[in-house]
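Naming convention: chains lettered A, B, ... in sequence-line order (proteins, then strands); numbering from 1 in each chain.
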Amino acid sequence: MVELVLGGRTEAFEPLVTPYRKLLLTMAYRLSRNIEEAKEISQETLLRAFRYLGSFDKKRSFKNWLLQIEMNVWRSLGPKTPDEGTLRQMAVPDAAENPEESLAGKEAREKLLSCLDGLSPREREVFLLRDIEGRSVKETAEILRTSAISVRVHLSRARDRVRELVKERYPGLMRTQG
Amino acid sequence: MNCFRARKWILLYAEADLPARRSQRLEAHLDKCATCKKEIEEIRAALAGIQTVADQGTLDWPEAEWMVLMARIKSERPGPRPKSTLQAFPRKSWAYGLALVLILVAAVLIRKIVPSPPPIPLLAEIMMPTPAQPLRALRTDEATSAGYPQDLPFRVYERREGPDRVLLAAGPALDKAAQDMMSMTLVSQETGLKVHWTFNRNFDWEEKKK
């Protein structure tokens, strides 16, 4: 599909990136904690992916390549103020859920994810890639263009901080999960 | 292993991110330490909570915005592969090798183009200036060499200039051909250093050390 796009069939780009549209937007939101910025990051990521598709190494994972671009875009744009106001409009509707429960659930989720606000930008990147997206330490290092040792150091700090915040804000969660 | 170190490693061990050897050492500690074991459970619970929440809270583009974005992208052309000098090389080491060769070639060219500086004088040349012109050889009738060995290839002339002053000069022996060079070798008995001096007729000298 990459070859098709590079060959001039630009309409092939949409099916190429559609599987990752949620991933990119969600990751951008978790990084920036600001929905407008998340859209901006996600949009810029897709634009850069299209422009630089020729430099994509086909031996690599396309998903990891997109994530790498997104991390670079996020760093280049810089952090903005967290904004939770418009999040509800963009959450994926779940037909099985009661609308009222869904709203309460989203708010609870937001609060729990706000534990990530206590992390430094690098710790947040590492934590999101490794613990939320499930990338391996090696893949995380590759995406962030750093060493596995650096990833482990930041990951360790991030987990320590997250544990403290969850324990402090949601002690019940620790008991039920444990 | 003590608990202080174990607690640092536990953070990675909880999700199997600790290297194998350290994991084994940590496990040996965990078998004996209930407190550290409890910490692992806490970390796993916190991470599981965050992961569950994250899985439920994915976002998606509103369809209209997504279509606008895709339309905008399709109106562009995918750019060519960015040109980088390093990209011409499949391995970085080749690029470094070529850079090294270029540096060596440049160094050789510079050495050829730029004139080399004058040779550095010997230390002895710096410390001992070239001796002054030798004394004029005395006329045979005003000097005598009776007191000096006769087997020398030159003759030493002597002139008394006062009660405490004697002037010496060397000149060709009367019965031998004049020679242009004279050499002298000094040997240090302590170090074995040999200093070989060769004098020309102007008393300029060269020094060789062995």
Side-chain angles (χ1 to χ4, degrees), chain A residues 5-6 8 10-11 13-14 17-18 21-23 25-26 29-30 35 38-39 42-43 46-47 50-55 87 89-92 94 105-106 108-110 112-113 115-116 127-128 130-132 134 136-137 152 155-157 159-160 162-163 165-167 170 173-178, chain B residues 5-20 22-23 26 37-84 86-87 90:
Chain A
V5 179
L6 291 173
T10 53
E11 69 276 11
F13 186 72
E14 186 170 355
V17 295
T18 297
R21 63 185 249 185
K22 286 182 189 174
L23 167 77
L25 187 64
T26 307
Y29 179 72
R30 287 172 185 162
I35 198 65
K39 281 185 190 173
S42 194
Q43 179 174 309
L46 290 166
L47 275 166
F50 185 73
R51 285 180 197 141
Y52 300 112
L53 198 59
S55 67
L87 184 70
Q89 300 164 15
M90 304 195 61
V92 179
D94 187 341
K106 281 168 197 163
R109 283 200 292 269
E110 265 311 293
L112 196 53
L113 280 177
C115 292
L116 303 186
F127 185 82
L128 288 173
R130 173 69 193 99
D131 285 340
I132 306 297
S136 69
V137 168
R152 285 197 177 96
L155 187 60
S156 190
R157 283 189 208 145
R159 282 179 183 168
D160 198 22
V162 167
R163 178 190 52 176
L165 291 170
V166 171
K167 198 174 178 179
Y170 305 96
L173 182 74
M174 304 288 276
R175 279 196 296 275
T176 52
Q177 294 283 337
Chain B
R5 175 170 285 185
R7 276 172 198 162
K8 286 186 175 176
W9 289 4
I10 279 169
L11 293 161
L12 294 174
Y13 178 81
E15 295 287 311
D17 292 317
L18 194 67
R22 288 187 175 184
S23 294
L26 181 63
K37 237 178 186 174
K38 193 185 166 203
E39 281 224 14
I40 290 190
E41 295 309 316
E42 277 186 11
I43 295 162
R44 284 181 176 155
L47 292 178
I50 294 270
Q51 283 158 358
T52 307
V53 163
D55 288 345
Q56 292 167 352
T58 53
L59 304 179
D60 197 3
W61 283 89
E63 208 52 47
E65 286 186 39
W66 177 255
M67 287 172 71
V68 169
L69 174 60
M70 285 299 118
R72 185 185 158 193
I73 290 173
K74 283 177 203 166
S75 67
E76 295 199 6
R77 304 291 305 171
R81 183 181 289 268
K83 296 291 179 191
S84 160
L86 277 177
Q87 281 189 349

(request) Take B:Ile73 and A:Leu46 through the test side-chain contact (heavy atoms from CB on, under 4.5 Å) and record every step on the way to the result. (result) CA-CA 8 Å; B:Ile73 290 173; A:Leu46 290 166; 3.8 Å; yes

(request) Select, from A:Ser136, A:Ala38, A:Ser156, the one with the greatest count of heavy-atom pairs under 4.5 Å involving chain B. (result) A:Ser156

(message) For A:Leu165, which atoms come within 4.5 Å of any heavy atom of chain B: side chain, backbone, both, or neither?
(response) neither

(message) Less than 4.5 Å to any heavy atom of chain B: does that hold for the side chain of A:Arg30, its backbone, both, or neither?
(response) side chain

(message) Would B:Met70 and A:Val17 count as a side-chain contact (heavy atoms from CB on, under 4.5 Å) here? Give the steps.
(response) CA-CA 10 Å; B:Met70 285 299 118; A:Val17 295; 4.0 Å; yes

Looking at every heavy atom in both [X] and [Y], which two are closest together, and how far apart are they?
X       : Y        : value
B:Glu15 : A:Arg130 : O-NH2, 3.2 Å
B:Ala46 : A:Arg163 : CB-CA, 4.0 Å
A:Arg21 : B:Trp61  : NH2-O, 3.2 Å

(message) Can you tell me which portion of B:Leu47 sits under 4.5 Å from chain A's heavy atoms? Options are side chain, backbone, both or neither.
(response) side chain

(request) Give, for atom CG of B:Leu59 and atom NZ of A:Lys39, the distance between the pair rounded to the nearest 0.5 Å. (result) 10.5 Å

(request) Could you tell me the separation between the CG atom of B:Asp17 and the CZ atom of A:Arg152, rounded to the nearest 0.5 Å? (result) 7.0 Å

What donor-acceptor contacts under 3.5 angstrom involve side-chain atoms of residues 6-14 of chain B, with partners at least two apart or in another chain?
residue: B:Arg7; atom: NE; partner: B:Glu39; partner atom: OE2; Å: 3.1
residue: B:Tyr13; atom: OH; partner: B:Glu27; partner atom: OE2; Å: 2.9

